[in-house]
J.: 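Just passing along the structure, written as structure tokens.
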Protein chains: 2
Amino acid sequence: MRVVVPFAVRSPKTRLAPVLDPDERRAFARAMLDDVLAAVTDAGGDPEVLATAALDVDAPVTVDDRPLTPAINAVLAASTPVAVVMADLALATGPAVEHLLDASGDVVAAPGRGGGTNALVVRHPDFRVDYHGASIRDHRRIAHDVGAGWTEVDSMRLAADVDEPADLVEVVLHGSGSAADWLAERGFELDDDDGRVGITRSTDD
Amino acid sequence: MRVVVPFAVRSPKTRLAPVLDPDERRAFARAMLDDVLAAVTDAGGDPEVLATAALDVDAPVTVDDRPLTPAINAVLAASTPVAVVMADLALATGPAVEHLLDASGDVVAAPGRGGGTNALVVRHPDFRVDYHGASIRDHRRIAHDVGAGWTEVDSMRLAADVDEPADLVEVVLHGSGSAADWLAERGFELDDDDGRVGITRSTDD
């Protein structure tokens with residue numbers, strides 16, 4: 001199946017500013033993208049990147065500088081079935097993506113923490129996305145409104161998009177790809193000295 | 001399979017103090033326990049509650065007022081196989097628990113967000129728990145040290161333990177049992193007016 005991975009080239013992951021500078025955010029976002037593309041390929045999907053600007057990456061790239069919602073809706077209007085998988089799922093693995101792609105249904109969704117929609121499989125020609133706010137709830141309603149069946153897949157790995165510093169804990173604990181390596185190389189490690197689990201960055205690197 | 005659900009009777013869920021008073025925290029914790037017991041039963045498991053004090057609930061209750069780790073290790077020392085499922089998994093469903101109980105392996109774990117271990121199936125007699133800090137990492141190591149195989153199940157529903165106010169968003173979005181009903185009855189609803197998803201409590205209830 002075609003699997004579209006949208007990617008913001010210029011200023012990705014601004015909410016990681018407390019722990020990563022702009023160059024680091026770009027490099028880390030790119031490492032996560034590489035992990036997602038590898039997971040999609042492992043799952044037997046055909047990944048392509050929908051990027052806001054030109055990008056050198058190991059997959060076909062389409063450039064569309066519109067915001068996420070109209071850019072994805074143009075993809076959905078052109079042809080289905082198609083899957084949409086976010087580029088910041090640093091815990092995604094082949095089996096997790098396979099679980100998504102293999103689930104039957106007109107619209108299959110993997111919810112993200114905080115109400116997002118981290119991955120979709122769209123097999124119904126009339127379904128459209130709206131990624132603002134608690135999008136998983138809106139997508140459920142949109143599917144209902146166009147008469148499309150709605151299925152949710154239950155995956156911690158697909159639920160864990162990486163937006164904020166606290167999310168890096170999950171990558172250090174459960175990641176096994178480029179993004180986890182990138183963090184380890186830059187000195188990020190777990191800190192659970194006080195019984196609450198956080199992340200620290202060693203200053204001697 | 002025996003499924004032990006540990007439950008703190010007296011002062012549960014203190015980190016929800018910003019949004020729930022002590023009586024409400026007790027009632028909400030109890031609603032989550034009821035949901036977990038129902039999910040275990042739906043999955044074909046035999047739930048029993050390991051409580052810190054006497055409790056009237058629709059399952060057998062054993063009282064052990066020790067901290068979580070020694071109380072669970074006494075259970076493991078007495079007999080295996082046994083599963084341990086946390087009482088605050090308000091998103092747990094029968095299929096999610098069934099996925100856990102059906103997974104093969106000496107030790108099967110469902111990681112929680114932030115490094116916790118939200119559910120375990122223990123089939124190896126020498127495995128013991130240590131719930132302090134990033135316990136999923138410690139449990140992986142303990143399994144290795146005793147020569148037990150280690151399997152992780154990938155479930156958003158089992159990963160979502162409810163400790164902090166932000167976790168209530170997940171219950172409102174994805175819960176379908178007593179805990180979700182309890183929150184709705186007390187006026188909790190989503191707030192995504194500014195594009196970030198939070199929770200508000202209506203003041204007219």
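Side chains are part of it too, since the values below use all heavy atoms of this structure and drop only hydrogens, waters and symmetry mates. Here is the naming used below: chain letters follow the sequence lines, and residue numbers restart at 1 for every chain.
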J.: Please classify the contact of A:His99 with chain B as side chain, backbone, both or neither, using a heavy-atom distance under 4.5 Å.
T.: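 No part of A:His99 comes within 4.5 Å of chain B.
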J.: Show the nearest heavy-atom pair for residues B:Gly114 and A:Glu170, with the distance to one decimal.
T.: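 Distance-wise, the nearest heavy atoms are N-OE2, 2.7 Å.
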J.: Non-hydrogen atoms of chain B under 4.5 Å away: do they reach the side chain of A:Arg140, the backbone, both or neither?
T.: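 The side chain, not the backbone.
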J.: If you tally heavy-atom pairs under 4.5 Å against chain A, which of B:Gly115, B:Ala159, B:Ser155 wins?
T.: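 Counting heavy-atom pairs under 4.5 Å, the top option is B:Ser155.
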J.: State, with a plain yes or no, whether a side-chain heavy atom of A:Leu173 is found less than 4.5 Å away from one of B:Arg137.
T.: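 Touching, per the 4.5 Å side-chain cut-off.
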J.: Under a 4.5 Å heavy-atom cut-off, does chain B meet the side chain of A:Leu91, its backbone, both or neither?
T.: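 Neither part.
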J.: Only pairs of heavy atoms separated by less than 4.5 Å count here; which of A:Gly116, A:Ala96, A:Pro111 has the most with chain B?
T.: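 Winner by heavy-atom pair count: A:Pro111.
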J.: I need the residue from A:Asp167, A:Val169, A:Val172 with the largest number of non-hydrogen atom pairs under 4.5 Å to chain B.
T.: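 The candidate making the most pairs under 4.5 Å is A:Asp167.
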J.: Do other residues, nucleotides or ligands put more than 12 heavy atoms under 6.0 Å from the CG atom of B:Asp58?
T.: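 Not more than 12 within 6.0 Å, no.
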J.: More than 12 non-hydrogen atoms from neighbouring residues, nucleotides or ligands closer than 6.0 Å to CG on B:Asp145, yes or no?
T.: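 Enclosed.
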J.: Using every non-hydrogen atom in the two residues, find where B:Leu190 and A:Ala134 come nearest and quote the distance to one decimal.
T.: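 That closest heavy-atom pairing would be CD1-CB, 3.9 Å.
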